[in-house]
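Notes follow the structure.
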Amino acid sequence: MKLATLHELNAERAARRPVIIVTDVGSGEQRLVKAKDFARDPLGAELAKQLRMGKSGMIEAGGRKLFLNVYAPTAKLVIVGAVHISQALAPLARSLDYDVTVVDPRTAFASPERFPDVPLIAEWPDVALPPLNIDPYTAFVALTHDPKIDDPALLHAFKCDCFYIGALGSRKTHAKRAERLRALGANETDIARIHAPIGLPIGAVSPSEIAVAIMAEITAELRLPPKEKEQAA
C-alpha cells in the first residue's frame, strides 16, 4: 500500500468514516474509495453490498479479479434507559461486537450491579450524550417511557444522523411523543425515522424477547438493502 493511501485510510478510520481499498489481484494496483463516493463509482453496487455485509471479499469485474478490503467503523449502541429490556439488550449487542453505552440519570437503575461490564452514564441526556460522539454508525434506542429523558435524547439522535433510532411504546404512546417532539422543533422527516413500536413484530413479550426483536431490527437496518428493509418491517 502506498504511503499516501495509508495516510488517507488512517484519516478516514479516525473520523469513523467507512472506506474500501480495491486491489487488482493481477497487477497489485490499489485505490481507496470512500463511502460517499460509492454511488458514482463503477463498482458502486458491489462496494455497497460488501460494506453492508461488513466483510472483505473477492469479486470479478471486467475480466479482473479484485479484492475489496472493507474498513467499517465498529457500530455503537446507545441505550437511554437502564430498564429490564436494557439488561437483556446490552449483553446481546455486545455479543454482536457493538460498543454499548447505557445512559440513565436515575442512579437506582443505572448501577454496576444491574449492568456488569457495561459503560454507564448516570446523567441527563444533555450532559451524557454529547461526549459520546454519536454518529451515523450508531444505533440509538430510548426505553425509559419518561418524556423528560427520552425526548431530549431523541432530539440529539436526530442531529447525529444515527443509522437506527427506536423508541419504546405503543402507537398511541408514540403519537403523543410525536406531538411533543414537534413542539420541541423536530420535523416530520426526523419523527418518521423513529422505529416505534420498537423492534421487529415477532410477538415479543418478555424483556429478553423484546431485546431480540430490537437487535433484529437494528441488524436489518444495518445490513439489508433498502427494498429488503421494507419487506422486513
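Small disclaimer: the values here were computed from a predicted structure and weren't measured.
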In Å and rounded to the nearest 0.5 Å, what is the [atom1] to [atom2] distance from [X] to [Y]?
X: L129; Y: H156; atom1: CG; atom2: NE2; result: 5.0 Å
X: D97; Y: L77; atom1: CG; atom2: CG; result: 13.0 Å
X: Q87; Y: S208; atom1: CD; atom2: OG; result: 9.5 Å
X: M53; Y: L68; atom1: CE; atom2: CG; result: 10.0 Å
X: L96; Y: T219; atom1: CG; atom2: OG1; result: 6.0 Å
X: L66; Y: I21; atom1: CG; atom2: CD1; result: 13.0 Å

Are side-chain heavy atoms of [X] and [Y] found at a separation under 4.5 Å?
X: L143; Y: I198; answer: yes
X: I121; Y: T101; answer: yes
X: K65; Y: M58; answer: yes
X: F163; Y: P136; answer: no
X: L9; Y: L32; answer: yes
X: F140; Y: I79; answer: no
X: T74; Y: Y98; answer: no
X: I149; Y: P125; answer: yes

Please determine whether residues [X] and [Y] belong to a single hydrophobic cluster, defined as Ile, Leu, Val, Met, Phe, Trp and Tyr linked transitively by side-chain heavy-atom distances below 4.5 Å.
X: V103; Y: V83; result: no
X: V33; Y: F67; result: no
X: Y71; Y: V22; result: no
X: V19; Y: L6; result: yes
X: V100; Y: V78; result: no

For H145, all residues meeting side chain to side chain donor-acceptor pair (under 3.5 Å), sequence neighbours excluded:
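So H145 forms no side chain to side chain donor-acceptor pair (under 3.5 Å) with any residue.
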
Taking NZ, NE, NH1 and NH2 as the nitrogens, is one of them in R180 or D151 under 4.0 Å from a carboxylate oxygen of the other?
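Between D151 and R180 there is a salt bridge, with a charged N closer than 4.0 Å to a carboxylate O.
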
[X] side chain vs [Y] backbone, donor-acceptor pair below 3.5 Å:
X: R114; Y: F109; result: yes
X: T138; Y: I134; result: no
X: T144; Y: D146; result: yes
X: E123; Y: A128; result: no
X: S86; Y: G81; result: yes
X: Q50; Y: E46; result: no
X: S56; Y: V70; result: yes
X: R223; Y: R52; result: yes

Residue pairs passing the salt bridge (charged side-chain N to carboxylate O under 4.0 Å, His left out) test where at least one lies in residues 24-36, sequence neighbours excluded:
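Matches after skipping sequence neighbours: E8-K34, E12-K34, D24-R64, R31-D41.
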
List the steps, then state whether side-chain contact (heavy atoms from CB on, under 4.5 Å) holds for D150 with V80.
CA-CA 7 Å; D150 285 352; V80 175; 4.0 Å; yes

For R171 and H174, what are the C-alpha separation, side-chain angles and deciding distance, and is it a side chain to side chain donor-acceptor pair (under 3.5 Å)?
CA-CA 5 Å; R171 286 179 174 80; H174 182 59; over 6 Å; no

Exercise: identify the closest heavy-atom pair between [X] and [Y]:
X: A88; Y: A211; answer: CB-CB, 3.8 Å
X: F158; Y: I194; answer: CZ-CD1, 3.7 Å
X: R17; Y: A11; answer: NH2-O, 4.5 Å
X: T189; Y: R193; answer: O-CG, 3.2 Å
X: V141; Y: I218; answer: CG1-CD1, 4.3 Å
X: A213; Y: A204; answer: CB-CB, 4.3 Å

Under the criterion side-chain contact (heavy atoms from CB on, under 4.5 Å), I'd like the reasoning laid out for Y137 against K76: C-alpha separation, chi angles, the key distance, then a yes or no.
CA-CA 6 Å; Y137 258 77; K76 298 179 183 180; over 6 Å; no

What's in the same ILVMFWY side-chain cluster as V127, cut-off under 4.5 Å, chained through other members?
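Its cluster mates, by chain and number: none.
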
Checking side-chain contact (heavy atoms from CB on, under 4.5 Å) for the pair L222/Y164: CA distance, chi angles, key distance, verdict?
CA-CA 8 Å; L222 180 66; Y164 174 92; over 6 Å; no

Working for side-chain contact (heavy atoms from CB on, under 4.5 Å), residues R94 and V118
CA-CA 9 Å; R94 291 190 69 186; V118 176; 4.0 Å; yes

